[in-house]
Amino acid sequence: MGKKNKTSSSKKLKYDLALVVPLILVISIVPLIVYLKIVPVDDVMLLFTNGKENFDFFSYFKMQWLLIITLLGSIYYAVRAFLSENVLIRKTKSYYLMAAYLVFALLSTLFAEYKSVALTGFVDRYEGLFVLAAYIALTFLAFNTIDNERQLKSILVALGISSLLMTILGLTQFMDKDFFMTDFGKRLILPGRYEHIADELNFTFAGSRTVYGTLYNINYVGVYMSLVFAVNSTLAILLKSDKYKLFFILTSLASFLMLLGSRSRAGMFSIAVYALLALIFFRTQIRTRWKSFLGIIVALALVFFGVNTARDGYYTNILKAGLNSLTTVHEADFKDIVLEDNTATIQFKDYSLKIAAEESGFQFYDENNNLLKTTFADNVYKVADEPYNKHTFTLKTMEERYIILDSTIVTNRGGRNIRFVVDDDTKIKVLGYRGEFLDDIKAPSFGFEGREQMASNRGYIWSRSIPMLKDTILWGHGPDTYALHFPNNDFVGKFLGFSDINMVVDKPHNMYLQIAINTGLTSLVAFLGLVGAYIIDSFKLYLNRKEYLGFIDVAGLGILMAVIVYLFTGLTNDSIVSVAPVFWILLGSGMAVNYKLREENQK
């Protein structure tokens, strides 16, 4: 058969299950991988770790197997596409957007200050250039290899089974019987030569009755389960007599339960987004399939109210708190810290407190430069007069040479600790994370004034991340290098945004800022163009559809909803190697379904 005939009729082409096996493995097995890898830490990342070695359980091997499977899958597809006559390369303008995303990711790597991190990724994350390339490769493979119901059903059933396994694990965590904390569980995730550390092994969320599954962080469980819920609930509702209908009902309820167990507010709010989409797309089906809709709604309500009651109204409280944080402006009485020669002036809304390093020791002055009466006992300075007496200052030394004033400053957002140090020139500076002396402790900000603590401190992080965009218009700082460029010495801002100003920021908690800063605004435009083109195409196909005739039709709509839900959760969460491959495979799968539906419509 010649090349011309190869592209003329898809009926003559052979799209077997073997073509999508790599997709099945990535979407079902990779998210479940948990195994210890001790990774040497580059000096530039020491601020973010507890030492020269990082004990990674949740990301390193996910990254490694993602790359291996994607590479092998790409080679197999290339052999089938180029050396045989039974697989075609589909045409789409979206390739230009995929290529643009990768080109700017590559440029960001070439011009990166931290090239090794840009290539392989940041500690505990591993979303370097190679992984970003794998994401695009998976999208390409899904678009070009999915051609029939058997393939698509195998992928979605594999995703459902994987989510059920994570649900079983999550239930042990929710009930405070964490499988990973059992002797058997520890043996499964520890190499034999490290079994001696089993008794010391503990994870951040272990013992908290919170579901972190195999995904490292409770927020990522919320993102993952919202994806699964969107696809499987659509299949559960719209499939007629398919033998898998009961399976998708089970997986949708299980994913909803785990979403609650994760305590992820973004995940819970994503259910509202899904409900809105369901009203839009299901509007013609509600009347004829009202029993399915009512059954799902009742089942979800029972799960929610049952879990919420068992946790004494916890979930309704955190949802209310989340909504309140979005609308409440909380003005801080703290305003600034100004370092000038031998003085540090702490400015509040109604007064200022000036600290001066003088020959006789530290002296304290009010906003009018009047000397304040102080006492000094047990190396602690205490100002006598109000409102200055709220603050305490402890005298310490560093290397028996430098004088440190360990200061506890009380604001209307709670106490904050900051360490002032006097250098060889008797100038007051701030002691940084690495022991360096800092005279610049304030970063540019944009917006969110009074909302720094919004959405679990995201307001502060976003306000300091947005100004970073001016340096990443064409290309970014490098894939996964955000943490190394964030102004973590912004102690003034952290007075407003964090309870502990020594807390370091290693991610933007926003997928769009993450892309724009790491690989550039241009790559973000390419990404938005890619998902935007898919969503627009899908709306044209599904918005006015009065009937869904088979599995592919229903799955296509479910995948569209999952993509939109993921993009919504991306407003407050980052891309992570534990979850992102699922999204990219679903995106490519949705593109393939749309291609097939348009092909059938044309025929």
Side-chain angles (χ1 to χ4, degrees), residues 156 160 222-240 242 245-246 248-260 264-305 307-308 315-316 319-320 322-323 326-327 531-573 583 586-587 589-590 593-594 597:
L156 295 183
V223 176
Y224 172 84
M225 290 299 177
S226 63
L227 275 171
V228 176
F229 176 83
V231 175
N232 290 353
S233 291
T234 305
L235 289 163
I237 293 170
L238 294 184
L239 285 179
K240 293 182 178 179
D242 192 284
K245 186 179 179 74
L246 182 61
F248 291 117
I249 291 174
L250 174 63
T251 53
S252 60
L253 291 175
S255 60
F256 181 69
L257 176 61
M258 288 301 96
L259 195 151
L260 294 177
S264 167
R265 280 185 287 211
M268 283 183 266
F269 283 128
S270 73
I271 300 301
V273 174
Y274 176 81
L276 177 61
L277 292 170
L279 289 175
I280 295 172
F281 286 99
F282 297 169
R283 63 190 187 280
T284 59
Q285 283 77 37
I286 291 177
R287 285 174 294 182
T288 57
R289 302 185 186 178
W290 64 270
K291 291 182 180 179
S292 293
F293 285 93
L294 183 61
I296 288 289
I297 291 171
V298 169
L300 293 177
L302 288 174
V303 171
F304 177 82
F305 287 111
V307 175
N308 190 53
Y315 295 98
T316 51
L319 287 173
K320 290 177 184 177
L323 290 172
L326 297 177
T327 57
V531 296
Y534 163 70
I535 291 172
I536 292 171
D537 185 44
S538 300
F539 264 72
K540 291 178 181 178
L541 281 169
Y542 302 113
L543 185 58
N544 295 314
R545 202 176 188 89
K546 294 182 179 180
E547 191 60 54
Y548 292 87
L549 301 177
F551 185 89
I552 288 182
D553 290 22
V554 177
L557 178 58
I559 291 169
L560 168 64
M561 292 187 168
V563 167
I564 295 175
V565 162
Y566 181 83
L567 296 174
F568 170 77
T569 59
L571 292 171
T572 54
N573 286 280
F583 162 75
L586 289 177
L587 175 62
S589 302
V593 171
N594 290 0
L597 292 178

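The residues of the chain are indexed from 1 along the displayed sequence.
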Tell me, with the steps shown, if Ile535 and Leu567 meet side-chain contact (heavy atoms from CB on, under 4.5 Å). CA-CA 11 Å; Ile535 291 172; Leu567 296 174; 3.7 Å; yes

Test side-chain contact (heavy atoms from CB on, under 4.5 Å) applied to Phe583 and Val531, step by step: CA-CA 11 Å; Phe583 162 75; Val531 296; 4.0 Å; yes

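With hydrogens and angles left out, the side-chain atoms of Ser255 and Tyr224 include no donor and acceptor closer than 3.5 Å.
Considering only residues two or more places apart in sequence or on other chains, Arg545 meets the salt bridge (Lys or Arg N to Asp or Glu O under 4.0 Å) condition with Asp553. Partners of Ser264 by side-chain hydrogen bond (donor to acceptor under 3.5 Å, both in side chains), not counting sequence neighbours: none found. Residues passing the salt bridge (Lys or Arg N to Asp or Glu O under 4.0 Å) test with Lys540, sequence neighbours excluded: none. Residues satisfying the side chain to side chain contact (heavy atoms under 4.5 Å, CB included) test with Leu300, not counting sequence neighbours, are Phe229, Leu253, Phe256, Ile296. In this structure, the side chain to side chain contact (heavy atoms under 4.5 Å, CB included) partners of Leu543, at least two apart in sequence or on a different chain, are Ile280, Phe281, Arg283, Phe539.
For the atom pair Asn232 CG and Leu156 CG, the distance stands at 7.5 Å (nearest 0.5 Å). Rounding to the nearest 0.5 Å gives a distance of 9.0 Å between OH of Tyr566 and CG of Asn573. Once rounded to the nearest 0.5 Å, the distance linking CG of Leu235 with OG1 of Thr251 reads 8.0 Å. One distance of note links CZ of Phe248 with CG of Leu239; it measures 6.5 Å at 0.5 Å rounding. Remark: Leu571 CG to Ser270 OG distance equals 11.5 Å, nearest 0.5 Å. Residue Leu259 holds its CG atom at 12.0 Å from OG of Ser252, rounded to the nearest 0.5 Å.
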Distance-only criterion, 3.5 Å: show the donor-acceptor pairs between side-chain atoms of residues 554-565 and protein atoms not counting sequence neighbours.
none

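In this structure, Thr316 and Phe305 have side chains that are not in contact, with every pair of non-hydrogen atoms separated by 4.5 Å or more. Looking only at side-chain heavy atoms (C-beta outward), Leu250 and Leu246 stay at 4.5 Å or farther from each other.
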